[in-house]
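One structure below.
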Amino acid sequence: MANVLVFGHQNPDNDAIMSAVVLSQLLNQVEYAGNTYEACALGQLPAESAKLLADAGIAEPRVIESVEAGQLVVLTDHNESAQSVAGLKDATVFGVVDHHRIGDFETAGPLHYICLPWGSSCTIVTKLAGVLGVELSDVQAKLLLSAMMTDTLMLKSPTTTDVDRAVAKLGEQVGVDPVKFGMEVFLTRPSGSFTAAEMVGNDIKMFEPAGKKLLIGQYETVDKSRALGMIDEIREAMRAYAAEKGADGIVLCITDIMEEGSQVLLEGETEAAQKGLGIADEHDGVWMPGVLSRKKQVAAPIMAAC
């Protein structure tokens, strides 16, 4: 028997946290492969995740910064090493549950790998419960629903699929309207008190288009006006964060859920981003209507342009 660490990506969002928490619970419930499974996190929990877990009486995942050689791990909501834990190269990847592109992923042996183009990793975990023969508890259903709704921006994101809409019926099990519930979860984020540094670094991932290290961040809000009044501060924070992480360039999407679009800011070497998105580096950023998904509408065209 081994203890397997289950975790999402760095700078975790609600989907990274809840997919790790509920997946580890399900695998423990069926004693999968005779192992034990421990939910972990690669950074501070977002406010909505912390509140949901506290309300459910569930301990927050242990925050880890690295893993030892040979440690068994399950990755949720990511697969690229630049977005994962230090030491991953020497760990043993037991499994992956993800809904993103497959990047620099390679293992020495076969593994449990599930990657589906659905709106959230928690959508996949919901379906895995059925595969494992486990009936979701009301608590598990609520946690999964919360992350599916926030990750699809209340089903508005172009990443939303019919499978996600079907999973939204978990709302019936827990007695909530899924869209209203998703908005309530989203609004537990202290958006009015976010500093420029938090806007930049709270939800950001590293990509490597054309051999360059490019950070792509997303700050989601229901009113972008405050952020747009902080452009100089945000740009300074972008430059500082890129320097800290050794990135060549950085892209930040200030996504307004109500207006359904993003103001896109660029700093550093962002030629690939400008080409992929068809925009220039303008001081106040460029408003891109309809752009809600970093994965599908920002990262994908940037990587395709290289």
Side-chain angles (χ1 to χ4, degrees), residues 9 11 13-16 46 77-78 83 99-101 103 117-121 123 147-161 164-165 179 182-183 186 189 191 194 196 198-207 209 212 214-231 234-235 237-238 241-242 247 249-306:
H9 50 76
N11 305 301
D13 58 6
N14 199 32
D15 195 36
D77 204 34
H78 76 296
Q83 301 170 9
H99 69 131
H100 296 91
R101 77 181 191 111
W118 296 345
S120 75
S121 291
T123 299
M148 190 279 289
M149 295 305 296
T150 54
D151 226 41
T152 62
L153 298 182
M154 281 57 77
L155 305 178
K156 289 183 178 182
S157 172
T159 60
T160 307
T161 68
D164 301 294
R165 296 183 186 94
V179 174
M183 184 58 75
F186 181 86
R189 300 176 181 181
S191 57
F194 269 62
E198 289 169 336
M199 291 179 189
V200 172
N202 274 12
D203 185 5
I204 194 163
K205 295 181 179 181
M206 182 77 81
F207 297 85
K212 297 287 187 179
L214 181 69
L215 289 159
I216 304 178
Q218 185 171 35
Y219 170 64
E220 297 168 344
T221 179
V222 293
D223 181 6
K224 69 180 186 299
S225 60
R226 177 174 178 268
L228 296 186
M230 301 169 59
I231 293 296
I234 292 172
R235 283 192 170 279
M238 290 171 68
Y241 193 90
I250 181 169
V251 178
L252 178 65
C253 301
I254 301 172
T255 300
D256 191 313
I257 294 174
M258 303 308 292
E259 292 193 21
E260 299 190 21
S262 296
Q263 192 85 6
V264 182
L265 302 176
L266 309 172
E267 278 287 347
E269 298 181 37
T270 57
E271 291 79 6
Q274 293 180 52
K275 180 180 178 182
L277 300 177
I279 62 174
D281 181 3
E282 298 184 13
H283 177 267
D284 292 336
V286 177
W287 175 250
M288 300 188 69
V291 172
L292 297 173
S293 169
R294 170 177 52 192
K295 176 181 69 174
K296 188 171 184 177
Q297 296 172 295
V298 181
I302 290 173
M303 299 305 291
C306 298

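Every heavy atom of this structure was used, including side-chain atoms; hydrogens, water molecules and symmetry mates were not.
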List the steps, then state whether side-chain contact (heavy atoms from CB on, under 4.5 Å) holds for I231 with L265. CA-CA 9 Å; I231 293 296; L265 302 176; 4.1 Å; yes
Do you know which two heavy atoms are closest between [X] and [Y], and how far apart they sit?
X    : Y    : answer
T159 : S157 : OG1-OG, 2.8 Å
T150 : G182 : CG2-O, 4.3 Å
A305 : G276 : CB-CA, 3.6 Å
F186 : M154 : CB-CE, 4.3 Å
A247 : L215 : CB-CD1, 3.5 Å
C253 : V264 : SG-CG2, 4.2 Å

With side-chain contact (heavy atoms from CB on, under 4.5 Å) as the criterion, how do N202 and N11 come out once you've worked through the C-alpha distance, each side chain's angles and the decisive distance to 0.1 Å? CA-CA 6 Å; N202 274 12; N11 305 301; over 6 Å; no
Not counting sequence neighbours, list each pair that qualifies as a side-chain hydrogen bond (donor to acceptor under 3.5 Å, both in side chains) and has a residue in residues 293-306.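 Those involving residues 293-306 are H99-K295, D203-R294.
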Once side-chain hydrogen bond (donor to acceptor under 3.5 Å, both in side chains) is applied, what residue pairs with a partner in residues 269-279 remain, sequence neighbours excluded?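 Residue pairs with at least one partner in residues 269-279: K212-E269, T270-Q274.
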Please assess T123 against D164 for the test side-chain hydrogen bond (donor to acceptor under 3.5 Å, both in side chains), listing each intermediate value before the final yes or no. CA-CA 6 Å; T123 299; D164 301 294; 2.6 Å; yes
From [X] atom [atom1] to [Y] atom [atom2], the distance as rounded to the nearest 0.5 Å:
X    : Y    : atom1 : atom2 : result
T160 : W118 : OG1   : CH2   : 14.0 Å
I254 : M199 : CD1   : CE    : 7.0 Å
K156 : I257 : NZ    : CD1   : 7.0 Å
D15  : M149 : CG    : CE    : 12.5 Å

Do [X] and [Y] get their side chains close enough for a donor-acceptor pair, meaning under 3.5 Å?
X    : Y    : answer
S225 : D223 : yes
T255 : E220 : no
D77  : S121 : yes

H78 vs H9 aromatic rings, parallel, tilted or perpendicular, using cut-offs 30° and 60°? perpendicular
Quick test of your reading of the model: are R235 and D281 salt-bridged, counting only N-O distances below 4.0 Å? yes
Run K224 and W287 through side-chain contact (heavy atoms from CB on, under 4.5 Å) and show every step you take. CA-CA 11 Å; K224 69 180 186 299; W287 175 250; 3.7 Å; yes
Note, [X] side chain near [Y] side chain (heavy atom, < 4.5 Å):
X    : Y    : result
I204 : Y241 : yes
V222 : M258 : yes
Q218 : D13  : no
S262 : D256 : no
I250 : L214 : no
R101 : F207 : yes
L228 : D284 : no

Can you check side-chain contact (heavy atoms from CB on, under 4.5 Å) on D151 and N14, steps first, answer last? CA-CA 8 Å; D151 226 41; N14 199 32; over 6 Å; no
